[in-house]
Colleague: 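Got a structure here, written out as structure tokens. Questions coming.
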Amino acid sequence: MPVDRKYFGTDGIRGQVGQWPITAEFMLKLGRAMGAVLAREGERPIVLIGKDTRISGYMFESALEAGLLAAGAEVRLLGPMPTPGVAYLTRSMRADAGIVISASHNPHQDNGIKFFSAFGEKLDDDVELAIEAELSLPFSTVASEAIGKAMRIEDASARYLEFCKSTVSRSFNLHGVHLVVDCAHGATYQIAPKMFGELGATVTAIGNRPDGLNINRDCGSTSPSALARTVVESGADLGIAFDGDGDRLQMVDASGRVVDGDELLYVLAMDWHEQGRLRGPLVGTLMSNFGLEQAMGALGVPFLRTRVGDRYVMQALREHSGVLGGETSGHILCLDRVSTGDAIVSALQVLEALARSGRSLADAAGGMRKVPQTTVNVRASGGPRLVADAEVQRVLASVQGQLAGQGRVVLRPSGTEPLVRVTVEAMDSAIVSRLAEELADAVRAAQARIT
């Protein structure tokens with residue numbers, strides 16, 4: 001990311017509710033700034049606003065709406081809507097931009113803003129920088145006759161649900177399949193269970209009772225133990241876990257084993273390659289398991305790694321004319337179906353691949369041999385300084401030397417949370433755990449010295 005950004009991170013603007021910039025005052029200004037930038041094109045811009053289920057969404061929705069109207073923009077309110085649903089509706093309704101109020105997989109104390117262009121894609125860097133520049137100007141309101149209007153789109157969920165179903169073949173159905181669907185008490189809580197049911201599945205829904213405070217709490221893609229337990233207890237065929245805003249996907253096989261984003265990419269890549277649908281390289285990140293890279297090599301499919309963040313995966317796919325990529329966390333991009341990471345669509349693609357092969361999820365994912373990998377998250381502020389610390393760098397070099405070309409180590413500050421992530425990967429799991437803790441201890445010690 002450019003170093004002169006003040007607010008935008010790798011995935012919009014995010015932080016703790018009530019602390020600048022995640023305040024109603026800032027959101028009012030942000031809405032006006034975005035509306036003013038869009039209005040430079042000469043037409044009255046139309047902006048869609050969707051949100052997840054966290055309680056602060058009401059406050060920020062109203063503030064953004066007011067700011068946009070003050071800039072002369074027209075606002076369309078979608079209500080609770082998965083992030084990829086906002087991206088789709090921005091395109092299909094021919095809006096000029098879409099806004100999602102969500103902190104994704106974070107707890108309810110956090111919130112954030114994500115933006116989409118008219119094409120349903122993340123904003124270009126120059127647009128984000130223009131919004132930041134506009135934020136530095138005094139708040140102003142257009143003439144009274146130019147103030148925008150707002151309206152609620154009552155059938156937004158139904159429109160998106162039908163789109164999701166359209167991404168699989170007309171002959172595909174889930175008759176005879178028992179699914180457990182964990183909606184993380186988030187934005188998919190209505191759409192996902194209904195859609196899988198309409199396709200014929202027997203659906204057991206969990207994490208589908210949001211109260212504004214329980215989003216992502218001990219459920220969803222970041223905490224799939226409840227899903228695994230429910231799958232086993234109910235005798236379901238598999239489980240599907242979404243995160244709070246519906247752009248991350250994890251699955252659980254019939255035995256309760258979690259199948260992560262790397263394994264799901266493997267299942268899709270194998271099927272798409274056989275179907276002749278896989279074009280260009282498969283794109284992962286620095287965190288993608290080496291076993292995925294090895295499997296693609298055996299298949300003769302190029303494998304590329306990017307920085308962590310779905311925007312970087314997207315950039316690499318665009319640059320290399322690819323259609324499939326994603327992250328271990330479950331951000332999966334199926335670019336011949338959608339313009340952004342869409343967990344519901346990705347789940348459908350996996351289910352269709354399984355139906356085509358007649359294999360269970362466990363069998364289909366079992367062809368990929370994962371290399372033991374451990375990630376230790378060190379809670380710390382000022383991550384870049386800690387990573388650059390001389391002693392941390394010395395320990396990092398020592399860990400790399402001990403791996404001696406037989407493994408990988410990744411040390412990076414999180415782009416969305418106050419964390420430093422330490423990841424070590426090698427064939428010997430005991431060595432992996434020891435070296436990860438050794439490097440994590442160095443980061444903790446650096447934080448103690450610096451603070």
Side-chain angles (χ1 to χ4, degrees), residues 12 17 24 26-36 38-39 43-104 108 111-120 141-142 144-165 183 185-195 198 208-213 215 244-247 340 342 344:
V17 174
F26 178 82
M27 296 304 166
L28 177 68
K29 295 177 178 179
L30 179 63
R32 190 214 66 85
M34 184 177 198
L38 294 174
E43 298 289 334
R44 182 185 286 270
I46 298 174
V47 181
L48 273 54
I49 302 179
K51 59 183 180 179
D52 65 22
T53 57
R54 62 195 76 218
I55 194 167
S56 58
Y58 294 100
M59 176 173 67
F60 296 140
E61 179 185 54
S62 296
L64 285 164
E65 175 189 349
L68 286 160
L69 298 179
E74 300 285 311
V75 175
R76 305 291 182 262
L77 300 170
L78 305 178
M81 175 65 57
T83 289
V86 177
Y88 162 70
L89 290 169
T90 301
R91 295 195 317 273
S92 69
M93 295 181 67
R94 293 172 170 78
D96 297 282
I99 296 176
V100 182
I101 305 167
S102 175
S104 190
H108 75 87
N111 214 331
I113 306 296
K114 302 180 184 181
F115 298 94
F116 289 107
S117 72
F119 302 104
T141 302
V142 297
S144 180
E145 64 272 15
I147 292 173
K149 297 179 181 179
M151 63 181 292
R152 189 164 296 278
I153 307 301
E154 300 294 345
D155 64 344
S157 294
R159 294 188 191 201
Y160 174 56
L161 185 153
E162 291 304 318
F163 164 72
C164 290
K165 290 195 294 186
C183 302
H185 298 302
T188 63
Y189 80 102
Q190 292 178 310
I191 293 173
K194 183 177 181 180
M195 186 208 64
E198 289 187 3
N208 63 331
R209 297 182 181 276
D211 62 10
L213 304 176
I215 187 169
D245 74 327
D247 62 2
T340 189
D342 188 319
I344 294 179

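Model, not experiment: these values are computed from the prediction.
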Colleague: For Phe119 versus Arg91, what's the shortest heavy-atom pair and its separation?
Modeller: O-CD, 2.9 Å

Colleague: Going through the distances and angles, do Val17 and Met59 end up as a side-chain contact (heavy atoms from CB on, under 4.5 Å)?
Modeller: CA-CA 10 Å; Val17 174; Met59 176 173 67; 4.2 Å; yes

Colleague: Testing the basics here: between Arg54 and Ala103, what is the closest heavy-atom pair and its distance to 0.1 Å?
Modeller: NH1-CB, 3.5 Å

Colleague: Measuring from atom CD1 of Ile113 to atom CE of Met34, what distance do you get when rounded to the nearest 0.5 angstrom?
Modeller: 10.0 Å

Colleague: Which atom pair, heavy atoms only, marks the closest approach of Ala187 to Thr53?
Modeller: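 Heavy-atom minimum between the residues: N-CG2, 4.2 Å.
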
Colleague: Can you measure from CD1 (Ile153) to CZ (Arg76) and round to the nearest 0.5 angstrom?
Modeller: 6.0 Å

Colleague: Nearest 0.5 Å, please: how far is SG in Cys183 from CD1 in Ile215?
Modeller: 11.0 Å

Colleague: Check Thr188 against Pro82 and note the closest heavy-atom contact, atom names and distance.
Modeller: CG2-CG, 3.9 Å

Colleague: Can you tell me how far CZ of Phe116 sits from CG of Leu48, rounded to the nearest 0.5 angstrom?
Modeller: 11.5 Å

Colleague: Count the heavy atoms belonging to other residues, nucleotides or ligands that lie under 6.0 Å from NZ of Lys194, then report whether that count exceeds 12.
Modeller: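 Atom NZ in Lys194 is not packed in, count stays at 12 or less.
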
Colleague: Could you tell me whether the side chain of Asp96 and the main chain of Ile46 form a donor-acceptor pair under 3.5 Å?
Modeller: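 Side chain of Asp96 to backbone of Ile46: a pair is present.
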
Colleague: Using every non-hydrogen atom in the two residues, find where Lys114 and Ser104 come nearest and quote the distance to one decimal.
Modeller: NZ-CB, 3.9 Å

Colleague: With rounding to the nearest 0.5 Å, note down the distance linking CZ in Arg152 to CD1 in Ile49.
Modeller: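 The distance works out to 9.5 Å.
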
Colleague: Minimum heavy-atom separation for Gly35 and Pro45, please, with both atom names.
Modeller: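 Looking at all heavy atoms of both residues, the shortest contact is O-CG, 4.1 Å.
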
Colleague: Before you tell me yes or no, could you show the steps for Leu89 and Met81 under side-chain contact (heavy atoms from CB on, under 4.5 Å), namely the whole-Å CA-CA distance, both residues' side-chain angles and the distance that decides it to 0.1 Å?
Modeller: CA-CA 10 Å; Leu89 290 169; Met81 175 65 57; 4.0 Å; yes

Colleague: Between Thr90, Leu68, Val75, Leu30, which is the residue that forms a side-chain contact (heavy atoms from CB on, under 4.5 Å) with Ile99?
Modeller: Leu68

Colleague: Okay, side chain of Ser102, backbone of Gly244: is any donor-acceptor separation there less than 3.5 Å?
Modeller: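 Such a contact is absent between Ser102 side chain and Gly244 backbone.
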
Colleague: Determine, step by step, whether Ser56 and Asn111 satisfy the side chain to side chain donor-acceptor pair (under 3.5 Å) criterion, reporting the C-alpha distance in whole Å, the side-chain angles of both residues, the deciding distance to 0.1 Å, and the verdict.
Modeller: CA-CA 7 Å; Ser56 58; Asn111 214 331; 2.7 Å; yes

Colleague: List the steps, then state whether side-chain contact (heavy atoms from CB on, under 4.5 Å) holds for Glu198 with Leu161.
Modeller: CA-CA 10 Å; Glu198 289 187 3; Leu161 185 153; 3.3 Å; yes

Colleague: Got Thr340 and Thr83 here, is their nearest side-chain heavy-atom distance under 4.5 Å?
Modeller: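 They are not in side-chain contact.
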
Colleague: Could you go through Tyr160 and Asp342, starting from their C-alpha distance and side-chain angles, then the distance that decides it, and tell me whether this counts as side-chain contact (heavy atoms from CB on, under 4.5 Å)?
Modeller: CA-CA 11 Å; Tyr160 174 56; Asp342 188 319; 2.8 Å; yes

Colleague: Kindly say whether Thr141 contributes a backbone atom to a donor-acceptor pair with the side chain of Arg32 at under 3.5 angstrom?
Modeller: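 Checked: no pair found.
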
Colleague: With rounding to the nearest 0.5 angstrom, report the CD to CG distance, Glu65 to Leu28.
Modeller: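 Glu65 CD to Leu28 CG: 11.0 Å, rounded to 0.5 Å.
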
